[in-house]
Amino acid sequence: MTEVYLRRLSRWQAEQQRDGVADVHVAAYRGAAGAEYRDRQSFLREFEQHVQQRDFDMVVADTNGLVGCAYGHRIDRTGDWWSGFRGGLPPDIEELTASGRTFLLAELMVVPGLRRRGIATRLAERLLARLDTDLVVATVDRPDENGHANAAARTLHTWGWSRLGEVGPPAVPTAGIGAGSGPHGGGRPGIGVGPGHHQTVTREVWIRRPPR
């Protein structure tokens, strides 16, 4: 069995590894045939934007090359990220955002051949282990037409996250557990739509308060 190593990247290292990260994205999300080039270029533009965000942090999974990654950044104090939230935002969430204590899990993805080995769990735990924030946020696809939650929502629930509500247009940067079939295999992944993607559909918002 291939041994997978985790390592944390600085902002500079993340920028240097951008092509490898894009390769993981293409493999993980497995878009429509012929769309790989467009998806890759869009991802690279958005990844560049995420890397520049406040307190950007990233952990990658490596064998003889990148096979997965997780990254995110602190949500801006202005609260613009929540502009499409449906219903009233709880006061404590507003306060945590305004005080700069909210972190966005912007992407979590693993290549298909190495899923169901707990790599996504390890990546998330390593990324979030040293946070000094009081709230972590991610978005996932809504349940399907039959009311079945997607793999990402089930994974978050297993990890102890809770559903806060829904967010939709106007557009905001969202988060994502990517992997064409979720971090542990299955259907479409999707803790979010990936770095810098802008909200064009309504998605679920999930939150986690780091243990103290």
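Reckoned from all heavy atoms, side chains included, excluding hydrogens, waters and symmetry mates.
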How long is the span from the [atom1] atom in [X] to the [atom2] atom in [Y], to the nearest 0.5 Å?
| X | Y | atom1 | atom2 | answer |
| --- | --- | --- | --- | --- |
| R7 | Q17 | CZ | CD | 5.0 Å |
| H50 | R45 | NE2 | CZ | 13.5 Å |
| W206 | T155 | CH2 | OG1 | 10.0 Å |
| L127 | L105 | CG | CG | 6.5 Å |
| R209 | L96 | CZ | CG | 6.0 Å |
| F43 | E48 | CZ | CD | 11.5 Å |

Is any side-chain heavy atom of [X] less than 4.5 Å from a side-chain heavy atom of [Y]?
| X | Y | answer |
| --- | --- | --- |
| L123 | L108 | yes |
| V110 | R117 | no |
| H73 | D57 | no |
| W161 | V136 | yes |
| L9 | Y71 | no |
| Q53 | L104 | no |

For residues [X] and [Y], report the shortest heavy-atom separation together with the two atoms involved.
| X | Y | result |
| --- | --- | --- |
| V111 | A27 | CG1-CB, 4.2 Å |
| L44 | A22 | CD2-CB, 3.7 Å |
| V51 | E15 | CG1-CG, 3.5 Å |
| P90 | L164 | CG-CD1, 4.0 Å |
| F85 | V167 | N-CG2, 3.7 Å |
| D62 | V67 | N-CG2, 4.2 Å |

Check: Any salt bridge between D76 and R54, counting N to O under 4.0 Å?
Finding: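 No.
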
Next item on the list: Output yes when D19 and R40 qualify as a salt bridge under the 4.0 Å nitrogen-oxygen rule, no when they do not.
Entry: yes

Would you say [X]'s side chain and [Y]'s backbone share a donor-acceptor pair under 3.5 angstrom?
| X | Y | result |
| --- | --- | --- |
| R74 | G100 | yes |
| R86 | T202 | no |
| S42 | D39 | no |
| R126 | V60 | no |

Next item on the list: For E125 and L6, run side chain to side chain contact (heavy atoms under 4.5 Å, CB included): C-alpha distance rounded to whole Å, both residues' side-chain angles, the deciding distance at 0.1 Å, then the answer.
Entry: CA-CA 11 Å; E125 289 177 348; L6 302 189; over 6 Å; no

Checklist line | Donor-acceptor pair between T97 and W82 side chains, under 3.5 angstrom | finding: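 Note: T97 and W82 side chains meet the donor-acceptor criterion.
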
Next item on the list: Check step by step if side chain to side chain contact (heavy atoms under 4.5 Å, CB included) holds for V21 and M58.
Entry: CA-CA 11 Å; V21 177; M58 182 173 189; 3.5 Å; yes

Note to self: Can you confirm whether Q16 is buried at CD, in the sense that more than 12 heavy atoms of other residues, nucleotides or ligands lie under 6.0 Å from that atom?
What the structure shows: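 Enclosed: over 12 neighbouring heavy atoms sit under 6.0 Å from CD of Q16.
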
Notebook entry, point to check: Does the pair V59 and R8 meet the rule for a side chain to side chain contact (heavy atoms under 4.5 Å, CB included), with working shown?
Noted result: CA-CA 4 Å; V59 175; R8 193 177 297 274; 3.9 Å; yes

Notebook entry, point to check: For the side-chain contact (heavy atoms from CB on, under 4.5 Å) test, which of L135, I93, D134 pairs with T102?
Noted result: L135

Item checked: From CA spacing to verdict: side chain to side chain contact (heavy atoms under 4.5 Å, CB included), F103, L128 -> CA-CA 9 Å; F103 185 86; L128 303 179; 4.0 Å; yes

